[in-house]
Amino acid sequence: LGLSRSAGDSRLQVRTKSLMSLLSIVNEHFFPQTTEDGDHPELQTLQLIFRGILIPILEHAETDTFADGVTPPTVPTDFERFITQSNEGAIQGNQQSWLETTFEPMVEGCIEMCMRSIEIYKSDMLVEEILAIFNTCLQSDSGALAVLGLKRLFLFVTQDLAVGQVTDDTWATVSHMLSRSVAVRGLPVIKDSDSGLDPEEVKQAKLEEQASIAEFIAEDEMLKDRRFIGGQAVHVIGSLLTSETHANSIGLRWYVFLANGVGSAIVECEEAAALLASKKERGRSNPPDYLENALYGRKWMVKFLSNMLHDSTITQTMEAAASDEIPGQRFVRGGQTLLMEQTKSLLATFLEKEASARNASGKTESKESVLMSSMVSDLLSAYEKLPDARLLQLSWLTPLLSSCIQSNHKSIRDVVQGLINRMLQGSLKDKPNVEQIEETN
């Protein structure tokens, strides 16, 4: 415990020596020299060491972040800024801070112990403790700590652990952690209707709503670096779901769960942007706007939907589950609903942004409309490549496409018209010929 506390010392040399000594003691004295089959009480002891000694060390990272300041987080390299301006690399934090110097050795040391325990005991019990470390990072008020945790979590499940070592329970835990990370924390719930309430109750509800909005705006101002988390979490989710190896390991259930989490986060980011529309940014870092996070989420959503339409493994899994060959019809329905709702959301938002761009000459709206049109084109191209038989199964697609016929983009109108014609012609082919029916009778 003394070494654990010293690992947060303000002097770099002291905390480095303390952390290295602590990790060395655990490795030397709490791992057996020989192993035998049967129960391993050492594993329970190691779990207690993680929970009582190692994980609490992360408290120093959060307090250090706000006391001394660290280098601000970054957005993913493919992130589009069309409202804010990036100043990444221009601001350097305290290079002697805990987060800059001690976070990585601490996490790496814990992961090494976890991998050693898997090798010795053939048990993944300590994986849960590593995930607890990352969860602590992700739930932190510090955006810098959360982003570091996200990046290292991704490496842990894709590189440190072999594909066969990541169980469904591990994917369940990781999926819930990532889903919470993409959500907008503290977003107030705005009621659409006050029907059924008397005037006094309506007044009280409005006051509570205004108070929750003011609280959200104030918290966002204090912890605005947390806006970096959403984009990085979406990037991690996207990297997992678009990797054939890891998407297969994750399975349809958690694929749909994570994609739905991104879909919900897109809506939340747009709502948060509306609440903060009149607020001007100021401070040492320049976090992304919520609208930029929403657009980045849509960018990855198009990739998820395209995968669901064309990835052979996902398609075969959905077909097998739908035909009762494997359990999971509920997840198939969830996947079909995801496909329909997110296609509808993207097309509706695109038409809204396009109409807004026609009525304004601002740089923000026009560039956003251009980015949206590119995403719509990519998604329509994915639908266009479907065989007729598969396309005809998507009966809900026709009314959605019809709304895009008035788009300003000729290329989009042409693709939409082609898809509608294919679906109508396919429907006519499936109808019985009237003359044939009369001859039969």
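Keep in mind it's a predicted model, so treat the numbers as computed, not measured. Throughout, residue positions are numbered sequentially from 1 according to the sequence presented.
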Run the side-chain donor-acceptor check on residues 146-164: report pairs under 3.5 Å with partners two or more places apart or on a different chain.
| residue | atom | partner | partner atom | Å |
| --- | --- | --- | --- | --- |
| Arg152 | NE | Glu108 | OE2 | 2.6 |
| Arg152 | NH1 | Asp160 | OD2 | 2.8 |
| Arg152 | NH2 | Glu108 | OE1 | 3.1 |
| Arg152 | NH2 | Glu108 | OE2 | 3.2 |
| Arg152 | NH2 | Asp160 | OD2 | 2.9 |
| Thr158 | OG1 | Phe154 | O | 2.6 |

Rounded to the nearest 0.5 Å, how far does [atom2] of [Y] lie from [atom1] of [X]?
X: Phe30; Y: Met113; atom1: CZ; atom2: CE; result: 10.5 Å
X: Ile111; Y: Glu129; atom1: CD1; atom2: CD; result: 13.0 Å
X: Arg422; Y: Asp388; atom1: CZ; atom2: CG; result: 4.5 Å
X: Glu219; Y: Leu187; atom1: CD; atom2: CG; result: 11.0 Å
X: Arg116; Y: Ile118; atom1: CZ; atom2: CD1; result: 13.5 Å
X: Leu295; Y: Lys353; atom1: CG; atom2: NZ; result: 8.5 Å

If I compare all heavy atoms of [X] with all of [Y], which pair ends up nearest, and what's the gap?
X: Lys344; Y: Leu400; answer: CG-CD2, 3.7 Å
X: Gln393; Y: Ala389; answer: CG-O, 3.4 Å
X: Met308; Y: Gly335; answer: CE-O, 3.3 Å
X: Cys137; Y: Phe103; answer: SG-CE1, 3.7 Å
X: Ser175; Y: Trp254; answer: OG-CB, 3.6 Å
X: Asn293; Y: Gly231; answer: OD1-N, 3.7 Å

Would you say [X] and [Y] make side-chain contact, with heavy atoms under 4.5 Å?
X: Ser381; Y: Val415; value: no
X: Cys269; Y: Leu291; value: no
X: Glu271; Y: Val267; value: yes
X: Thr343; Y: Leu397; value: yes
X: Leu46; Y: Phe31; value: yes
X: Leu22; Y: Ile57; value: yes
X: Ser402; Y: Ile420; value: yes
X: Ser142; Y: Arg226; value: no

Worksheet item: Under the salt bridge (Lys or Arg N to Asp or Glu O under 4.0 Å) criterion, do Arg185 and Asp220 qualify, and how do the steps go?
Response: CA-CA 9 Å; Arg185 190 168 73 172; Asp220 181 78; over 6 Å; no

Worksheet entry | Glu384 CD: over 12 foreign heavy atoms closer than 6.0 Å |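 Enclosed: over 12 neighbouring heavy atoms sit under 6.0 Å from CD of Glu384.
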
Item to complete: Verify the neighbour count for atom CZ of Arg11: are there more than 12 heavy atoms of other residues, nucleotides or ligands below 6.0 Å?
Response: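 Incorrect, the count does not exceed 12.
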
Worksheet item: Does a donor on one side chain and an acceptor on the other come within less than 3.5 Å for Thr167 and Thr170?
Response: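 Present: a donor and an acceptor within the cut-off.
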
Practice prompt. Ignoring hydrogens and angles, state whether a donor on the side chain of Tyr255 or Asn248 is under 3.5 Å from an acceptor on the partner side chain.
Written response: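 The answer is no; no qualifying pair exists.
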
Item to complete: Please lay out, stage by stage, how Arg253 and Trp171 fare under the test side chain to side chain contact (heavy atoms under 4.5 Å, CB included).
Response: CA-CA 10 Å; Arg253 175 184 184 180; Trp171 281 127; over 6 Å; no

Examine distances only and state if a side-chain atom of [X] and a backbone atom of [Y] form a donor-acceptor pair shorter than 3.5 Å.
X: Ser4; Y: Ile53; result: yes
X: Thr173; Y: Asp169; result: yes
X: Ser212; Y: Glu209; result: yes
X: His60; Y: Asp9; result: no
X: Trp300; Y: Ser239; result: no
X: Ser117; Y: Cys114; result: yes

Practice prompt. Applying side chain to side chain donor-acceptor pair (under 3.5 Å), run through Thr101 and Arg15 and close with a yes or a no.
Written response: CA-CA 10 Å; Thr101 60; Arg15 65 173 179 263; 2.9 Å; yes

Worksheet item: According to the ring pair (Phe, Tyr, Trp, His ring centres under 6.0 Å) rule, which pairs have a member within residues 373-409, sequence neighbours left out?
Response: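 Applying ring pair (Phe, Tyr, Trp, His ring centres under 6.0 Å) to every pair that reaches into residues 373-409, excluding sequence neighbours, yields Phe350-His409.
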
Using distance only, find each side-chain donor-acceptor pair of residues 259-266 under 3.5 Å and give its atom names and separation, not counting sequence neighbours.
| residue | atom | partner | partner atom | Å |
| --- | --- | --- | --- | --- |
| Asn260 | ND2 | Val256 | O | 3.2 |
| Ser264 | OG | Asn260 | O | 3.2 |

Worksheet entry | CA sep, side-chain torsions, deciding dist, call: Val370, Phe82, side chain to side chain contact (heavy atoms under 4.5 Å, CB included) | CA-CA 11 Å; Val370 169; Phe82 56 91; over 6 Å; no

Discussion item. Once side-chain contact (heavy atoms from CB on, under 4.5 Å) is applied, do any residues pair with Arg180, and if so which ones, sequence neighbours excluded?
Written reply: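 Checked Arg180 against side-chain contact (heavy atoms from CB on, under 4.5 Å); matches are Asn135, Gln139, His176, Met177.
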
Worksheet entry | Those residues that, when tested against Gln417, pass side-chain contact (heavy atoms from CB on, under 4.5 Å) (two or more places apart) |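 For Gln417, the residues satisfying side-chain contact (heavy atoms from CB on, under 4.5 Å) (neighbours in sequence not counted) are Ile405, Asn421.
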
Worksheet entry | Sequence neighbours excluded - salt bridge (charged side-chain N to carboxylate O under 4.0 Å, His left out) pairs with any residue from residues 292-303 |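 For residues 292-303, and leaving out neighbouring residues, the salt bridge (charged side-chain N to carboxylate O under 4.0 Å, His left out) pairs sorted by first residue read Asp78-Lys299, Glu270-Arg298.
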
Item to complete: Output, in order, the C-alpha distance, side-chain angles, deciding distance and verdict of side chain to side chain contact (heavy atoms under 4.5 Å, CB included) for Leu394 and Leu386.
Response: CA-CA 11 Å; Leu394 309 177; Leu386 289 175; 3.9 Å; yes

Item to complete: May I have the step-by-step check of side chain to side chain donor-acceptor pair (under 3.5 Å) for Ser407 and Glu354, ending in yes or no?
Response: CA-CA 8 Å; Ser407 171; Glu354 192 178 57; 3.0 Å; yes

Item to complete: Go through Arg5 and Glu59 one step at a time and tell me if the salt bridge (Lys or Arg N to Asp or Glu O under 4.0 Å) criterion holds.
Response: CA-CA 10 Å; Arg5 286 192 293 269; Glu59 295 175 4; over 6 Å; no

Discussion item. If you apply the rule side chain to side chain contact (heavy atoms under 4.5 Å, CB included), what do you find for Arg390 with Leu309, and how did you get there?
Written reply: CA-CA 9 Å; Arg390 177 82 171 92; Leu309 289 170; 4.2 Å; yes

